[in-house]
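Sequence positions, counted from 1, serve as the residue numbers for this chain. Below, each value reflects all heavy atoms present in this structure, side chains not excepted, and no hydrogens, waters or symmetry copies. Every number for a ligand or one of its atoms is a count from 1 in the order of the listing.
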Amino acid sequence: VPELPEVETVRRGLERSVVGRTVAAVEVRHPRATRRHVAGDADFAARLRGRRIEAARRRGKYLWFPLDSGDALIAHLGMSGQFRLVERDAPDEPHLRVRLGFADGGPQLRFIDQRTFGGLSVVDGGAGVPGMLRHLAADPLDGEFDDDAFIASLRRRRTGLKRALLDQSLISGIGNIYADESLWRARLHYARATDALRRSDALRLLAAVRAVLGAALSDGGTTFDGLYVDVNGASGWFSTRLAVYGRAGQPCLRCGSLVRRETFMNRSSYLCPRCQPRPRRPRW
Ligand SMILES: [Zn+2]
């Protein structure tokens, strides 16, 4: 599943490769890819054709591209979505869902999605973040992120720390892998009660989140199942540097205790039992 660093890597790739170009042709190859565009494929294509892409932006794991019409193209990669920039005569990929051709005759932008949980839609634009993305909180790599406001809302919740990190209305873009890595780095158990968290713990956690996301970003993101690639098809290699995630039974890189895998929220959580002791009053 692409997480925030992967999506940011994709955004940067698209910023270099499609911004300033005018869409000339739109082909929707699978209806599921545009299911969120409720007005249908013909409307989707009509609102893109002839429009110049003005920018490539991101909120959490959503990408959006303001168009010169005032509309915006919104993309979500879902479980396995990829953008590929390929020459026009390159053969179609097996899971090609949407193809955009450009007026300059240069490489096409192809949206490929094996599991089809991702998708594209065009929405009314205007300035700022599109309406359908405004419910998402900023992420800690975003200049608009407010540390004090985050810490205050974190301590107002009566929940567990990992559940809070995965709550997109509180802090966006952190998935399972980066939550585990950040909690390990900050030496905090995932079931620590958010309302009992000290400010120093919260600040250490934020610093850990930024360090983990920043490292992943500079490496081009994490790859686990081979489905994620960046805009040119190159895989990230951050997975080789994960400290706890996927390392059950191996020694903690800090203290040597064996990393443990536990099931939480129907997913695997990895932690060091010594560095991240279970709280006396856990919250789940
Ligand atoms: Zn440890």
> Run the side-chain donor-acceptor check on residues 183-193: report pairs under 3.5 Å with partners two or more places apart or on a different chain.
{"unit_1": "H189", "atom_1": "ND1", "unit_2": "A191", "atom_2": "N", "d": "2.9"}
{"unit_1": "Y190", "atom_1": "OH", "unit_2": "E262", "atom_2": "OE1", "d": "2.4"}
{"unit_1": "R192", "atom_1": "NH2", "unit_2": "D201", "atom_2": "OD2", "d": "3.0"}

> Is any NZ, NE, NH1 or NH2 atom of the basic residue among K61 and D139 found under 4.0 Å from an Asp or Glu carboxylate oxygen of the other?
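So K61 does not pair with D139 through a salt bridge.
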> Tell me which donor-acceptor pairs under 3.5 Å the side chains of residues 277-284 have, and how far apart each pair is, sequence neighbours excluded?
{"unit_1": "R283", "atom_1": "NE", "unit_2": "D195", "atom_2": "OD1", "d": "3.0"}
{"unit_1": "R283", "atom_1": "NH2", "unit_2": "D195", "atom_2": "OD2", "d": "2.9"}

> Any ion pair linking E15 and R12 (charged N to carboxylate O, less than 4.0 Å)?
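Salt bridge absent between R12 and E15.
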> What is the number of protein N/O/S atoms located under 2.8 Å from the Zn ion (ligand 1)?
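Those protein atoms number 4 in total.
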> Can you tell me if S268 and R261 form a side-chain donor-acceptor pair at under 3.5 Å?
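There is such a pair (donor and acceptor under 3.5 Å, judged by atom type) between the side chains of S268 and R261.
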> Who passes ring pair (Phe, Tyr, Trp, His ring centres under 6.0 Å) against H37, sequence neighbours left out?
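Testing H37 for ring pair (Phe, Tyr, Trp, His ring centres under 6.0 Å), a comparison that skips the adjacent residues, returns F44.
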